[in-house]
Amino acid sequence: MIKQYIYDQVVAILDAAGLKHEGEFYIEVPNNPEFGDFSTNAAMILAKENKKSPKAIAEILIKELKKHKGFKKVDIAGPGFINFVLSPQYYQDSLWEIQEAGESYGDSDFGQEEKVLLEFVSANPTGPLNIVSARAAAFGDTLYRVMKKVGFDATREFYINDAGNQVDILAESVELRLREIQGEKMEEFPYEAYHGEYVKHLAQRLNSQEGVRFFMMPEKERMEHLKEFALNEIHQMQQNSLEKFGVVFDSWVSEKTLRMEGVVEEVLSYLAEADCTYEKEDAIWFCSTKFGDDKDRVLMKSDGSITYFVPDLAYHLTKLQRGFTKLIDVFGPDHHGYVPRLKAAFQALNYDDEMLEVIFLQQVNLFESGERIKMSKRAGKIVTMDDLLSVVSKDAARYFFIARKANAHLNFDLDLALKKNNENPVYYCQYAHARICSILKKAKKDKVLPKTWKKELVTKLVKPEELALIKKLTEFPELLISIAQQREPYRLTMFAEELAGMFHRFYAKFQVVSDKHKELSQARLLLMDNIRAVLALCFELMGISAPEKM
RNA sequence: GCGCCAGUAGCUCAGUCGGAUAGAGCAUCAGCCUUCUAAGCUGAGGGUCAGGGGUUCGAAUCCCUUCUGGCGUGCCA
């Protein structure tokens with residue numbers, strides 16, 4: 001907000017002086033605090049188009065800017081940067097605004113209530129959720145929370161692929177395990193089947209419920225029954241894991257249900273009407289190459305069954321029909337070849353393919369004793385989300401999973417997690433929160449803490465460290481907007497670490513609670529309480545706890 | 001072969017539209033608890049920003065190219 005203010009001032013001066021400003025310049029927070037609170041490269045950017053030296057332009061700007069009361073200092077530096085130092089009063093007033101905003105600090109109408117559908121996790125219902133799903137859950141949920149806060153009308157959705165080959169294989173796997181329990185001699189367990197222990201557990205449960213009776217059903221009925229049983233159990237299992245992780249979905253959409261509603265036929269006819277399908281080798285194809293895909297894609301296989309693509313496309317169309325104008329899919333890295341055909345279909349059906357946005361989360365590599373663990377779902381060698389949560393706290397896991405850019409691989413060191421020591425930065429941030437709580441407690445005990453804050457207190461805060469802390473707090477609303485816009489939750493953890501670090505350093509240098517300087521103490525307590533509140537907001541958005549003591 | 005993602009300190013990673021002396025955590029070394037929580041703080045060492053070209057006042061950042069790693073390239077889902 002302050003950046004915009006400075007920008008507007010600069011533009012006004014340029015206009016008044018008859019200078020052109022077509023080139024895009026910006027106001028930024030310099031990385032070196034010696035260069036002031038804000039700086040602009042305007043003079044350098046605009047030098048060429050105005051045929052003046054950067055220095056000459058800077059001088060014109062500085063002369064006018066110095067007349068503003070809000071700026072304590074404006075000067076030229078380096079190759080032509082203009083650096084601004086704001087007056088303490090600006091920060092003092094800001095702190096009071098933060099205090100008054102309370103929990104609503106950072107709220108904005110940036111998203112203008114746009115209806116956004118966030119689809120994430122959407123794991124196959126054929127086994128427990130793995131750690132890649134855990135990453136997706138943490139990422140998607142935090143992005144959701146931030147988007148809500150800055151005014152998007154966001155919804156979290158989980159798409160269940162409960163139709164198709166993998167479900168048949170699941171049912172067959174359970175049946176084989178059931179036969180084992182019944183004492184049938186088995187050859188080796190088939191390679192294609194699901195090998196995980198959970199399949200045995202499912203079979204055991206089914207056995208205790210139904211026993212031999214189960215095999216008296218006709219084959220077809222039995223398989224249907226088996227599918228339904230396994231899918232329900234696994235769905236329940238996945239939902240429980242997610243809840244333990246603090247991730248709740250607003251809706252779950254079943255592929256099977258969609259298929260029963262006839263959407264597959266609808267999509268096929270839409271594409272045919274749009275003249276985008278053809279027959280070749282007894283299969284029906286979608287000419288996606290016309291819309292930028294590498295090759296055409298099969299819609300209906302030669303055996304008459306449908307490919308995964310069709311119901312998935314139908315599913316995406318239902319999102320649009322439900323009124324969402326932005327569809328964000330969070331996918332694993334193995335799906336990137338899939339997106340062009342989805343986008344192609346959007347174009348073919350005259351939808352703006354920009355409405356579909358796909359975020360790829362790169363894989364999670366698990367390390368144990370310095371060795372990378374190879375995981376394979378089919379062979380049953382997976383580390384599940386529940387396994388992970390049995391050794392690492394929810395807070396640490398969620399923090400760890402979002403603390404990285406989406407398109408970077410995530411290395412998760414199990415030994416480190418198992419040690420439960422304090423190397424994880426999440427403790428550093430939470431510790432700052434706990435320490436502040438402790439200060440506030442002490443202040444209350446010493447009767448220094450006021451019952452209500454008085455606005456005059458803020459004028460006591462004049463030390464550079466105090467003003468720097470307030471400045472950091474003022475960056476929070478813009479940060480949230482930027483996170484929502486760029487879909488980059490990891491920046492939330494960086495902000496929390498920076499703020500926590502500034503606090504820890506302040507704590508080491510200054511005593512907050514002192515009965516000698518009561519007013520200064522109270523002013524600092526006000527500052528501390530707001531740092532605490534903003535940290536708590538960060539934690540809330542990350543889905544982790546804000547401990548009062550550690 | 002083609003496509004996507006990545007390559008920055010010993011390790012894990014930041015570095016926002018090209019900007020000022022490339023940063024943090026961990027690890028290593030040296031210090032700091034009679035004061036609000038030492039899960040903290042202070043200091044030191046550590047860099048060919050994968051290599052090479054180009055664009056310009058200025059490049060880790062943009063363009064070209066080579067190399068390395070991961071993934072994709074099914075009538076699988």
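The shown structure was predicted, so the numbers you read here are calculated from the model rather than taken from an experiment. Any value given below was found using the heavy atoms of this structure, including those in side chains, with hydrogens, waters and symmetry copies removed. Every chain is numbered from 1 and lettered A, B, ... according to where its sequence line falls, protein lines coming before strand lines.
- Taking only distance into account, the side chain of A:N83 meets the base of B:A20 through a donor-acceptor pair shorter than 3.5 Å.
- Spacing of P atoms, B:C26 relative to B:A39, comes out at 13 Å, to the nearest Å.
- Among B:G70, B:G40, B:C13, the nucleotide with an atom closest to any side-chain atom of A:H504 is B:G40.
- Stacking between A:Y507 and B:G40 is absent: the ring centroid is not both under 5.5 Å from the six-membered base ring centre and under 30° in plane angle.
- Partners of A:H517 under the ring pair (Phe, Tyr, Trp, His ring centres under 6.0 Å) rule, at least two apart in sequence or in another chain, do not exist in this structure.
- Put simply, the side chain of A:D446 never gets that close to the backbone of A:V448: no donor and acceptor are under 3.5 Å apart.
- B:C17 has its base syn relative to the sugar, with a glycosidic angle deviating from 0 by at most 90°.
- For the residue pair A:Q363 and A:N365, a side-chain donor N or O sits within less than 3.5 Å of a side-chain acceptor on the partner.
- Screening residues 490-507 of chain A for salt bridge (charged side-chain N to carboxylate O under 4.0 Å, His left out) gives A:K472-A:E498, A:E488-A:R491 as the qualifying pairs, with residues at least two apart or on separate chains.
- Taking atom C1' on both B:G23 and B:G47, the two are 12 Å apart, rounded to the nearest angstrom.
- A:S39 contributes a side-chain N or O that forms a donor-acceptor pair with the base of B:A20 under 3.5 Å.
- Taking 90° from 0 as the syn/anti boundary, the base of B:C33 is oriented syn.
- Here, B:C32 and B:U16 have their P atoms 39 Å apart, quoted to the whole Å.
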Residues A:F120, A:F158; criterion ring-ring contact (aromatic ring centres under 6.0 Å, His included); working and verdict: CA-CA 6 Å; A:F120 55 101; A:F158 189 122; 8.5 Å; no
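- Comparing B:G3 with B:U21, their P atoms sit 38 Å apart, to the nearest whole Å.
- Neither side chain, A:Q166 nor A:N161, offers a donor N or O lying under 3.5 Å from an acceptor on the other.
- Between the side chain of A:S521 and the backbone N or O of A:S514 there is at least one donor-acceptor pair closer than 3.5 Å.
- Within 3.5 Å, a donor on the side chain of A:S302 pairs with an acceptor on the base of B:C75, or the reverse.
- Looking at A:T384 and A:N130, their side chains never bring a donor and an acceptor atom within 3.5 Å of each other.
- Residue side chain A:F81 meets the stacking definition with respect to B:A20: its ring centre sits within less than 5.5 angstrom of the base's six-membered ring centre, and the planes differ by less than 30 degrees.
- Sorted by first and then second residue, the ring-ring contact (aromatic ring centres under 6.0 Å, His included) pairs involving residues 21-51 of chain A (not counting sequence neighbours) are A:Y7-A:F25.
- For the 3.5 Å distance criterion, the side chains of A:E157 and A:Y315 qualify, holding a donor opposite an acceptor.
- The pair A:E255-A:R259 meets the salt-bridge criterion, since a charged nitrogen lies less than 4.0 angstrom from a carboxylate oxygen.
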When every nucleotide of nucleotides 1-9 of chain B is labelled 5' to 3' by its protein contacts under 4.0 Å (heavy atoms), B for base, S for sugar-phosphate only, - for none, what sequence of letters results? --BBSS---
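- You'll find that the side chain of A:T307 is closest to B:C75, out of B:C36, B:C75, B:G40.
- If you check every strand for non-hydrogen atoms under 4.0 Å, A:K509 touches nothing.
- The partner of B:C2 is B:G72, judged by Watson-Crick or G-U wobble contacts that both fall below 3.5 Å.
- B:A50 and B:A14 have their P atoms separated by 14 Å, given to the nearest Å.
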Distances for protein N or O near nucleotides 28-35 of chain B N or O, under 3.5 Å:
residue: B:U35; atom: O2; partner: A:Q511; partner atom: OE1; Å: 3.0

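- With both ends at atom C1', the span from B:C57 to B:G18 equals 12 Å, rounded to whole Å.
- Checking A:Y431 against A:R341, the closest nucleotide of RNA chain B that is more toward the 5' end is the one next to A:Y431.
- Side chain A:E28 to base B:C17: no donor-acceptor pair is found below 3.5 Å.
- The stretch residues 487-498 of chain A touches RNA chain B through A:Y490, A:R491, A:M494, each having a heavy atom within less than 4.0 Å of the strand.
- Across B:C75, B:A14, B:C71, the shortest atom-to-atom separation from the side chain of A:R404 is found for B:A14.
- When each of A:I27 and A:G501 is assigned the nucleotide of RNA chain B bearing its nearest heavy atom, the one mapping closer to the 5' terminus is A:I27.
- Comparing B:C17 with B:G58, their C1' atoms are spaced 15 Å from each other, to the whole Å.
- Listed candidates were B:C75, B:U73, B:A20. Nearest to the side chain of A:A77 is B:A20.
- Side-chain atoms of A:D329 and A:H316 form a donor-acceptor pair, as typed in the model, at a separation below 3.5 Å.
- Rounded to whole Å, the separation between the C1' atoms of B:U12 and B:G7 comes to 14 Å.
- The backbone N or O of A:V513 lies less than 3.5 Å from a partner atom in the side chain of A:Q511, making a donor-acceptor pair.
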